[in-house]
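Presented below is the structure to which this report refers.
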Amino acid sequence: MAFSKQVLSTEWTFKDRDDETVDAWMPVQTIPSTVQQDLIANEKLEDPHIGLNELKARWVNKKAWVYRHVFQRPQTPAGATIALVFDGLDTFASVKLNGETILESSNMFLGYRVDITKAMESPNSTNVLEIEFNCAETKATELRKKDPNHKWVGLFGDPARLGVRKAQYHWGWDWGPVIMTAGIWREVRLEVYSARVDDLWPQTNLAPDHKTATITALAKIDADRSERHIARFHLTLRGHEIASQDIPISDDKSAKATFEVNNPELWWPHGYGSQTLYEVSVSLLCDGNELHNVSKKLGIRSAEVIQQPDKHGKSFFFRINGIDIFCGGSCWIPADNLLPSVSAERYRKWIELMVAGGQVMTRVWGGGIYEDDAFYDACDELGVLVWQDFMFGCGNYPVWPELLESVRQETVFNIRRLRHRPSIVIYVGNNEDYQVQEEKGLTYNYEDKDPDSWLKSDFPARYIYEKLLPEVVSEYSPSTFYHPGSPWGDGKVSSDPTVGDIHQWNVWHGTQEKYQIFDTMGGRFNSEFGMIGFPHMSTIEYFLENEKDKHPQSQVMDFHNKADGHERRLATYLVENLRMSTDLETYIYLTQVIQAETMMFGYRGWRRQWGDDRKCGGALLWQLNDCWPTISWAVVDYFLQPKPAYYTVKRVMQPVTVSVQRAHHDWSVVHAEPAKQSPYQVWVASSRQAVVHGTVELRFLSVETGKDLSAPVTFENVTISANGTTDITSGIIDHLTEPEPHVLAVRLWIDGQIVSRDVDWPQPLKYLDFFDRGLEVKPQPGTSAGKQLLVITSQKPVKCLVFEERANVQISDSAIDIVPGDEQVVEIKGLSDSDPPLGYRYLGQ
């Protein structure tokens with residue numbers, strides 16, 4: 001018989017397990033879901049994202065819940081198999097069919113398949129499926145007590161979380177609430193078949209000259225008898241068949257086809273080429289009849305992590321199809337606390353924002369989840385590279401045998417699910433667990449290569465990261481690079497800037513350095529760094545219930561910022577750099593300026609280092625997104641509204657970008673004495689693969705008057721190096737002869753068009769007078785419907801012109817610096833003629 005499936009998405013009910021009242025059962029709108037979503041739908045729970053409602057929702061975390069579904073036995077011929085398939089159960093689930101337990105689950109990250117054929121022998125029967133979800137908090141506490149000798153240490157949430165294979169951020173993080181979801185969080189279905197394709201694994205091997213590629217497709221078959229079965233493989237491109245093969249099923253119930261592709265179309269990260277996706281499919285045939293068909297899309301590409309000794313230590317950067325890629329991008333956390341609420345469309349919008357912002361890599365962080373297929377589909381189709389952590393974060397994980405086996409199954413399950421995807425270029429063992437080892441003084445001897453001794457140490461999780469995970473990756477996805485942790489540097493201290501990747505948190509956390517020197521604190525790959533910035537006013541108004549809470553220091557405002565010590569840290573950076581205000585809208589804007597400036601200083605300096613023998617291989621800011629309406633390090637808020645920092649990163653990540661920066665003068669150390677001299681440098685960074693030529697102009701302008709303090713300097717026909725950095729000029733401003741505060745403004749023309757600008761300001765900005773700038777923002781007449789061009793000019797230098805963000809409105813640029821004589825144009829899409837114009841503000845307004 002042909003394979004069929006029945007998705008069990010409707011006609012479910014649920015209840016508190018301990019509620020025995022007659023009306024305890026409540027309807028479920030749809031599955032997948034979480035108990036919190038279902039309680040909200042039944043008006044038993046207020047939205048935990050609003051006000052202090054998270055506290056009112058904590059009772060849900062401490063309960064056990066039961067879900068029930070009644071269904072009819074599907075029509076099946078004799079000999080067919082009926083399977084009940086769960087793609088995800090969150091987390092401790094006992095599944096009963098007609099009163100008999102058929103599955104016990106304890107891992108949120110695993111899928112399960114249960115053969116229920118015998119249980120369904122009675123024809124036309126009514127069947128009752130019940131799933132009891134035990135309380136994860138309670139189970140975690142019980143598991144911790146069973147292993148009292150383990151050192152239960154970690155950051156964020158209850159350390160008992162370390163013994164549970166559940167998304168770790170559910171216990172709360174320094175950007176997210178404590179919302180312990182439970183429920184059927186991914187699809188559940190019935191499958192009926194006589195035989196099926198259990199797995200299809202396409203692998204690619206690209207020749208060094210890129211003229212040929214080999215695609216190998218391995219199919220695993222689930223069938224009692226397979227001697228009459230044939231696997232018919234197809235290779236297609238854009239719907240057109242390139243080749244096909246019929247392969248008999250072997251004794252080990254597998255079939256393998258090999259296709260040779262001449263002049264293959266390659267898959268590239270966006271900005272480097274097209275995102276060509278081939279498709280491999282396999283049809284399982286019996287006597288010419290198709291029983292089952294499975295297909296997967298793949299990209300032909302090579303991906304390497306280059307680690308080799310050099311003058312800076314040991315490199316760490318990515319090479320795709322033989323091209324070195326500076327991986328500027330951001331870290332990704334789960335897009336919601338209530339995961340089933342994230343639609344495929346919403347996932348795609350997030351990745352579209354990355355592409356529009358020039359970001360080429362995202363890091364799926366190890367305290368969240370192995371993401372939904374829609375997330376990876378968008379990355380594959382839009383050309384965003386994926387750094388994939390395994391799900392371990394900020395802790396010393398235990399290793400009892402049952403847990404290790406669950407981790408092994410989880411790893412196999414998810415690698416088999418993801419390994420065909422061209423976007424995934426690295427698997428990484430954990431997030432910051434080696435940092436926890438260092439901070440807590442746990443035993444770690446890199447020279448000890450005996451895995452059994454690791455299990456007996458007080459840092460047993462080393463066994464997971466240095467034996468279990470790399471072995472599974474080697475077996476199931478051998479062409480993908482494996483890195484033991486993030487950060488990690490070949491057994492050296494995790495903050496070593498000469499090797500591996502680092503998390504640079506000495507801006508904001510740690511020693512709270514000035515963000516103006518971010519570039520001096522980088523490593524070979526900066527996989528975390530950040531600065532908190534408030535979201536836009538509309539997002540704050542969403543979670544504020546009362547007018548009295550609309551001030552920066554309200555309880556609700558602080559409650560929606562989970563970062564430890566955020567009041568003092570943010571206040572430090574604000575008071576050091578900007579003139580303060582307690583007006584909420586101004587305060588919001590000032591925090592956004594700080595975040596935007598911090599990201600700019602980091603990215604600008606580190607991208608320059610790419611040209612210095614790949615001293616810096618990439619920078620992934622913390623973080624792209626939020627999981628609830630909050631105040632955090634995200635550069636795009638929960639409602640997909642970019643903060644100003646998004647735009648400063650976008651400008652620095654243009655294919656060719658010009659930069660100017662003066663040497664840092666630490667005003668706090670010299671007690672606000674002005675600098676006597678200011679050395680400066682101008683350079684161009686390029687990701688283009690060919691040399692280009694351009695013109696660079698450097699101007700020196702007065703902050704106070706907007707007048708040129710000296711004649712502009714123009715560099716004609718500059719040769720801009722391919723995929724690297726080109727130094728343009730350097731010099732010194734003598735403040736004794738030129739005492740006025742200087743703005744240094746540079747522009748770059750290529751083929752007669754301005755492609756990049758940069759403005760360097762005297763620091764700190766709080767010493768500058770920004771009043772009376774003579775700014776004009778005027779619509780350009782005659783623009784088409786749905787698109788508006790804003791022409792921007794000023795009489796004096798303007799700092800950080802930020803436009804209002806609205807839903808479904810796209811702004812080409814924001815957080816802009818404007819100087820006299822340099823008209824800029826910003827494109828606005830999505831505004832109708834009847835909509836009011838976008839508001840805007842700038843520093844000192």
Side-chain angles (χ1 to χ4, degrees), residues 513-521 576-579 593 597-598 600-602 604-605 607-609 611-612 652 657-685 694-718 725-749 756-774 794-800 817-822 843-844:
E513 303 291 340
K514 302 285 196 302
Y515 61 72
Q516 289 87 349
I517 62 167
F518 227 154
D519 62 313
T520 68
M521 298 185 290
E576 282 184 344
N577 290 280
L578 303 176
R579 299 183 186 184
V593 171
E597 288 287 283
T598 304
M600 182 276 293
F601 272 99
R604 184 172 68 181
R607 190 174 180 198
R608 183 185 189 187
Q609 294 171 10
D612 181 13
V652 177
T657 182
V658 66
S659 297
V660 57
Q661 184 171 337
R662 75 189 75 194
H664 177 61
H665 173 69
D666 197 335
W667 64 92
S668 59
V669 172
V670 299
H671 308 295
E673 289 184 20
K676 296 179 175 62
Q677 291 184 325
S678 291
Y680 65 85
Q681 296 179 315
V682 178
W683 68 91
V684 174
T695 298
V696 175
E697 176 196 70
L698 170 63
R699 296 173 66 194
F700 306 86
L701 300 104
S702 167
V703 176
E704 296 177 0
T705 69
K707 303 296 185 183
D708 286 280
L709 296 171
S710 58
V713 183
T714 303
F715 303 87
E716 303 277 1
N717 199 31
V718 174
T725 304
T726 303
D727 290 330
I728 304 300
T729 190
S730 61
I732 296 176
I733 301 173
D734 189 336
H735 296 295
L736 296 179
T737 59
E738 294 283 358
E740 285 192 70
H742 281 60
V743 162
L744 280 65
V746 291
R747 293 188 287 181
L748 170 64
W749 285 263
S756 177
R757 297 174 170 89
D758 192 26
V759 180
D760 179 84
W761 295 79
Q763 302 290 328
L765 297 171
K766 67 181 178 181
Y767 292 163
L768 304 179
D769 185 350
F770 286 106
F771 294 106
D772 188 26
R773 298 286 93 186
S794 68
Q795 297 175 11
K796 299 176 185 179
V798 170
K799 180 64 186 173
C800 206
D817 294 346
I818 311 292
V819 297
D822 184 20
L843 197 61

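Scope of the values below: all heavy atoms of this structure, side chains included, with no hydrogens, waters or symmetry mates.
Residues F700 and D708 are not in side-chain contact: their nearest non-hydrogen atoms beyond the backbone lie 4.5 Å or more apart. Contact annotation: the side chain of S659 never approaches that of R607 to less than 4.5 Å [non-hydrogen atoms, C-beta and beyond]. N577 is listed as a side-chain neighbour of Q516, based on a closest heavy-atom distance under 4.5 Å. At least one side-chain heavy atom of H665 sits less than 4.5 Å from a side-chain heavy atom of V670. Side-chain contact between Q795 and P820 is absent, with no heavy atoms from C-beta onward closer than 4.5 Å. L748 places a side-chain heavy atom less than 4.5 Å from the side chain of V684. In this structure, the side chains of Q763 and H664 stay at 4.5 Å or more apart for every pair of heavy atoms. Side-chain contact between T657 and D758: absent, with no pair of heavy atoms (C-beta onward) separated by less than 4.5 Å.
For W761, the ring-ring contact (aromatic ring centres under 6.0 Å, His included) partners are F770, not counting sequence neighbours. The salt bridge (charged side-chain N to carboxylate O under 4.0 Å, His left out) test applied to D612 returns K311, not counting sequence neighbours. In this view, R608 and D727 satisfy the salt bridge (charged side-chain N to carboxylate O under 4.0 Å, His left out) rule, not counting sequence neighbours. For F601, the ring-ring contact (aromatic ring centres under 6.0 Å, His included) partners are Y515, not counting sequence neighbours. Residues satisfying the salt bridge (charged side-chain N to carboxylate O under 4.0 Å, His left out) test with R579, not counting sequence neighbours, are none. Legend: residues meeting side chain to side chain contact (heavy atoms under 4.5 Å, CB included) with D519, ordered by chain and number and at least two apart, are W606, Q609, Q661. By the side chain to side chain contact (heavy atoms under 4.5 Å, CB included) test, V669 is found to be paired with D666, residues two or more places apart in sequence or in another chain being considered. When the side chain to side chain contact (heavy atoms under 4.5 Å, CB included) test is applied to P741, the partners found at least two apart in sequence or on another chain are V703, E704, P762, L768. Listed by chain and number, the residues in a side chain to side chain contact (heavy atoms under 4.5 Å, CB included) with P679 are A663, I732 (sequence neighbours excluded). In this structure T729 satisfies the side-chain hydrogen bond (donor to acceptor under 3.5 Å, both in side chains) test with no other residue, sequence neighbours excluded. Scanning for salt bridge (charged side-chain N to carboxylate O under 4.0 Å, His left out) contacts around D734 gives an empty result, with sequence neighbours left out.
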Would you check, one step at a time, whether the test side-chain contact (heavy atoms from CB on, under 4.5 Å) holds for L698 with Y680?
-> CA-CA 11 Å; L698 170 63; Y680 65 85; 3.7 Å; yes

Could you go through the side chain to side chain donor-acceptor pair (under 3.5 Å) check for E716 and T695 one step at a time?
-> CA-CA 5 Å; E716 303 277 1; T695 298; 3.3 Å; yes

After noting the C-alpha distance and the side-chain angles of I733 and L744, does the key distance pass the side-chain contact (heavy atoms from CB on, under 4.5 Å) rule?
-> CA-CA 10 Å; I733 301 173; L744 280 65; 3.3 Å; yes

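Nearest heavy atom pair, residue R747 against residue G821, reads NH1-O, 4.1 Å. In this structure, V660 and R604 approach most closely via the heavy-atom pair O-NH1, 3.0 Å. Across all non-hydrogen atoms, the minimal contact from P764 to W667 is CD-CD2, 3.4 Å. Closest approach of A745 and L701 over heavy atoms only: CB-CD1, 3.9 Å. Nearest heavy atoms, M521 versus K514: CE-O, 4.5 Å. Annotation for M600 and V652: closest pair CG-CG2, 4.3 Å, computed over non-hydrogen atoms.
In the displayed structure, K707 atom NZ is contacted under 6.0 Å by at most 12 heavy atoms of other residues, nucleotides or ligands.
The closest donor-acceptor contact from the side chain of R773 to the backbone of S794 lies at 3.5 Å or more, if one exists at all.
Within the structure, the side-chain hydrogen bond (donor to acceptor under 3.5 Å, both in side chains) test picks out the following pairs touching residues 735-744 (sequence neighbours left out): S678-H735, S702-E740.
Taking 4.0 Å as the cut-off between side-chain N and carboxylate O, R699 and D822 do not count as a salt-bridged pair.
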